[in-house]
Asker: 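Let me begin by handing over the structure; questions about it come next.
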Amino acid sequence: MSTAQQAPLAADLSAPAWTGRDDGPGPEHLRWHHVVGHDPAAGPYDAAFVGFRSDEGVRRNKGRQGAAGGPAELRRALSSMALPRPLRALDAGDVAVTDGDLEAGQHRLGAAITPLVDQGVPVVVLGGGHEVAYGSYLGLAGTRAVREGARLGVLNLDAHFDLRDDVRPSSGTPFLQMARDEEARGRRLDYRVLGVSQPSNTQRLFRTADELGVRYLPDTECGPFDLPRVDAFVDAFLADCDLAFLSIDLDVLPAGSAPGVSAPAAYGVGMDVIERVCARIAASGKLALCDVAELNPDLDIDARTARAGARLIHRILTARG
């Protein structure tokens, strides 16, 4: 358990109240809404949430907007999930991009993340479009551990590389932005992708991935009969990093599990495999930050996508080593 007692509330908006089902008092009835606090000074906390209300990156990437509503729906879906053991979490509020200035919003998100990670609190960022990933990276790049030489590894669960070379940053550019920032610092970005869909990525994107040394596992090699290959891919990632950043784009899941995204997957990687990957990374003890991106409540059906995202967050925070 780590303390967040010195963490400033750097978000734009205060955290909303968490509410949900209540079966009675005592630890045997605990659900997420019982254990989420809003005061950094009331720690120690086992985890922290920060929301990123933005779909400006999706708009710039010519996608279907609505992901700015993702943080509220992820909180709602997670709120009544039952806890296997007592823990405490801080909700540090939301960063909101309401003026089209995505770049400033990403830097504000980074500023909210850095002090939490520095104090040993595993952070979950609730997106938002996948432009959230660059803000998450900025938060990690500013941490004491990275500044002192810790090896940062980035694993993206996604149908897309998100390595577009566009004039303006968008939901399609965050990992190329990271690679360029790392290069400017004299480092090479250790970036890996699980679930890449060939039809969803042009040959130019595959060429960019190869030029950057990106390791990836296609969605066609991430089925239930491919678990040894999936496990080996994740274990190799963990062996090469000291600090892990897990970015989950919910469009990695099949459309039936995640209809509420800008680009639903015709194929996708099953929830059982994605949850296994998340649990394996969490149990390693190396996970510093996870973000969950691309939930669009306007496109969701029966809150399927929100529930899937919340389930993955729940698994990550209850499977930590």
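For clarity, every value in this text was computed on a predicted model and none was experimentally measured.
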Asker: Check the pair R164, N61 against side-chain contact (heavy atoms from CB on, under 4.5 Å), reporting the backbone distance first and the verdict last.
Answerer: CA-CA 10 Å; R164 292 184 180 276; N61 201 30; 3.6 Å; yes
Asker: Counting only N and O atoms by type, is there a donor-acceptor contact under 3.5 Å from the side chain of T305 to the main-chain atoms of D300?
Answerer: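 Here the side-chain-to-backbone pair does not exist.
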Asker: Under 3.5 Å, is there a donor-acceptor pair between the side chain of D166 and the main chain of R168?
Answerer: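 The answer is no, because no donor-acceptor pair under 3.5 Å joins these two groups.
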Asker: So for atom CZ, which belongs to R307, do other residues, nucleotides or ligands contribute more than 12 heavy atoms lying within a distance under 6.0 Å?
Answerer: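 No, CZ of R307 has 12 or fewer neighbouring heavy atoms, counting only those of other groups under 6.0 Å.
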Asker: For P264 and P259, which heavy atoms make the closest approach, and how far apart are they?
Answerer: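 Closest approach of P264 to P259, heavy atoms only: CG-O, 3.9 Å.
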Asker: Test of understanding: with salt bridge (Lys or Arg N to Asp or Glu O under 4.0 Å), list the residues that count as partners of R147, not counting sequence neighbours.
Answerer: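 R147: no salt bridge (Lys or Arg N to Asp or Glu O under 4.0 Å) contacts found.
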Asker: Quick one: does Q106's side chain have a donor or acceptor within less than 3.5 Å of a partner on E131's backbone?
Answerer: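 The answer is yes, because a donor-acceptor pair under 3.5 Å joins these two groups.
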Asker: Do the charged groups of R31 and D22 touch, with an N to O distance under 4.0 Å?
Answerer: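 Judged by the 4.0 Å cut-off on N to carboxylate O distance, R31 and D22 do not form a salt bridge.
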Asker: Check this for me, if you would: do R108 and D94 make a salt bridge, where the nitrogen-to-carboxylate-oxygen distance has to be below 4.0 angstrom?
Answerer: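 Answer for the salt bridge query: no.
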Asker: Do the non-hydrogen side-chain atoms of F237 and Y191 ever get within less than 4.5 Å of each other?
Answerer: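 The answer is no; the side chains never approach within 4.5 Å.
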Asker: Indicate yes or no for a side-chain donor-acceptor contact from D219 to the backbone of V269 under 3.5 Å, with no hydrogens or angles considered.
Answerer: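 Checked: no pair found.
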Asker: Can you spot which of L155, N156, V154, I281 makes a side chain to side chain contact (heavy atoms under 4.5 Å, CB included) with F245?
Answerer: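 In the set L155, N156, V154, I281, the residue that makes a side chain to side chain contact (heavy atoms under 4.5 Å, CB included) with F245 is V154.
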Asker: What's the spacing between D162 CG and T173 OG1 if we round to 0.5 Å?
Answerer: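 These two atoms lie 8.0 Å from each other.
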Asker: If you count heavy atoms of other groups shown closer than 6.0 angstrom to CZ of R151, is the number above 12?
Answerer: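 Check passes, neighbour count above 12.
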Asker: Going through the checks in order, is the salt bridge (Lys or Arg N to Asp or Glu O under 4.0 Å) test met by D190 and R192?
Answerer: CA-CA 7 Å; D190 182 1; R192 314 190 192 200; 2.9 Å; yes
Asker: List the steps and the verdict of side-chain contact (heavy atoms from CB on, under 4.5 Å) for V117 and L140.
Answerer: CA-CA 7 Å; V117 176; L140 286 173; 4.1 Å; yes
Asker: Under a single-linkage definition using a 4.5 Å side-chain heavy-atom cutoff for Ile, Leu, Val, Met, Phe, Trp and Tyr, are M81 and I248 assigned to the same hydrophobic cluster?
Answerer: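 Yes, because M81 and I248 connect within a single hydrophobic cluster, where side-chain heavy atoms sit under 4.5 Å apart.
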Asker: With a 4.0 Å cut-off on N to O distance, would you call D226 and R229 a salt bridge?
Answerer: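 Salt bridge: yes.
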Asker: Only counting residues at least two apart or in another chain, list the ones meeting salt bridge (Lys or Arg N to Asp or Glu O under 4.0 Å) with D298.
Answerer: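 Result, salt bridge (Lys or Arg N to Asp or Glu O under 4.0 Å) vs D298: none returned.
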Asker: Do Y45 and V50 belong together in a cluster built from hydrophobic side chains that touch within less than 4.5 Å?
Answerer: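 Yes: a chain of side-chain contacts under 4.5 Å links Y45 to V50.
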Asker: Counting heavy atoms not belonging to R21, are there more than 12 under 6.0 Å from its CZ?
Answerer: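 No, CZ of R21 has 12 or fewer neighbouring heavy atoms, counting only those of other groups under 6.0 Å.
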Asker: For the pair R276 (side chain) and D231 (backbone), establish whether a donor and an acceptor sit closer than 3.5 Å, ignoring hydrogens and angles.
Answerer: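 No; judged by distance alone, with no hydrogens or angles, the pair does not exist.
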Asker: Any link between F206 and Y267 through a network of hydrophobic side chains (Ile, Leu, Val, Met, Phe, Trp, Tyr) touching at under 4.5 Å?
Answerer: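 Shared cluster, no.
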Asker: When you look at S262 and N296, which way does the side-chain hydrogen bond (donor to acceptor under 3.5 Å, both in side chains) test go after all the steps?
Answerer: CA-CA 7 Å; S262 180; N296 185 333; over 6 Å; no
Asker: Do the charged groups of R311 and E275 touch, with an N to O distance under 4.0 Å?
Answerer: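 Yes, this pair counts.
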Asker: Does a side-chain N-to-carboxylate-O contact under 4.0 Å join R187 and D181?
Answerer: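 Judged by the 4.0 Å cut-off on N to carboxylate O distance, R187 and D181 do not form a salt bridge.
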Asker: Taking all non-hydrogen atoms of both residues into account, name the closest pair between C278 and L157 and its distance.
Answerer: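 Smallest heavy-atom distance, with atoms named: SG-CD1, 4.0 Å.
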Asker: What distance do D46 atom CG and L90 atom CG have between them, rounded to the nearest 0.5 Å?
Answerer: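 The CG atom of L90 is 11.0 Å from CG of D46, to the nearest 0.5 Å.
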Asker: Test your reading of the model: is there a side-chain donor-acceptor pair from R304 to the backbone of G256, 3.5 Å cut-off?
Answerer: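 The answer is yes, because a donor-acceptor pair under 3.5 Å joins these two groups.
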Asker: Taking salt bridge (Lys or Arg N to Asp or Glu O under 4.0 Å) as the test, write out the residues that go with R76, two or more places apart.
Answerer: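 Applying salt bridge (Lys or Arg N to Asp or Glu O under 4.0 Å) to R76 gives E73.
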Asker: Looking only at heavy atoms, which two atoms of A89 and F49 are closest? And how far apart?
Answerer: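 Where A89 meets F49 most closely, the heavy atoms are CB-CE1, 3.8 Å.
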Asker: Could you please spell out the steps behind the side-chain contact (heavy atoms from CB on, under 4.5 Å) verdict for V277 and F233?
Answerer: CA-CA 10 Å; V277 170; F233 184 84; over 6 Å; no
Asker: Could you tell me how the ring of F161 sits relative to the ring of Y216: parallel (under 30°), tilted (30 to 60°) or perpendicular (over 60°)?
Answerer: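 Because their plane-to-plane angle is over 60°, the rings of F161 and Y216 count as perpendicular.
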Asker: Would you confirm whether E294, through its side chain, and H130, through its main-chain N or O, come within 3.5 Å as a donor-acceptor pair?
Answerer: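 Yes, E294 side chain to H130 backbone: donor-acceptor pair under 3.5 Å.
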Asker: For D55 and G66, indicate whether the former's side chain and the latter's backbone hold a donor-acceptor pair under 3.5 Å.
Answerer: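 Confirmed, D55 side chain pairs with G66 backbone.
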Asker: For the pair S257 (side chain) and L253 (backbone), establish whether a donor and an acceptor sit closer than 3.5 Å, ignoring hydrogens and angles.
Answerer: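 Such a contact is absent between S257 side chain and L253 backbone.
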Asker: Could you go through the salt bridge (Lys or Arg N to Asp or Glu O under 4.0 Å) check for D210 and R215 one step at a time?
Answerer: CA-CA 8 Å; D210 290 341; R215 302 180 195 180; over 6 Å; no
Asker: Do L227 and L312 land in one hydrophobic cluster if side-chain heavy atoms of ILVMFWY residues count as linked below 4.5 Å?
Answerer: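 Cluster IDs for L227 and L312 match.
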Asker: Tell me the closest heavy-atom pair linking L243 and A145, and the distance in Å.
Answerer: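 So the minimum-distance heavy-atom pair works out to CD2-CB, 4.3 Å.
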Asker: Can we say D165 and R180 salt-bridge, meaning some charged N sits less than 4.0 Å from an Asp/Glu carboxylate O?
Answerer: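 Salt bridge: yes.
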Asker: Is there a donor-acceptor contact under 3.5 Å linking the side chains of D291 and S136?
Answerer: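 Result is yes, a qualifying pair exists.
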Asker: Could you tell me whether the side chain of H314 and the main chain of L83 form a donor-acceptor pair under 3.5 Å?
Answerer: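 Checked: no pair found.
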Asker: State, without any angle test, whether H160 and D249 hold a side-chain donor-acceptor pair at a distance under 3.5 Å.
Answerer: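 H160 vs D249: no donor-acceptor pair found between side chains.
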Asker: Step by step, work out the side-chain contact (heavy atoms from CB on, under 4.5 Å) result for V193 and L217.
Answerer: CA-CA 6 Å; V193 192; L217 201 58; over 6 Å; no
Asker: Which heavy atom of G309 sits nearest to which heavy atom of V292, and what is that distance?
Answerer: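 It is CA-CG1, 4.5 Å.
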Asker: Same cluster or not: V123 versus L109, using hydrophobic residues (I, L, V, M, F, W, Y) connected whenever any side-chain heavy atoms lie under 4.5 Å apart?
Answerer: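 Same cluster.
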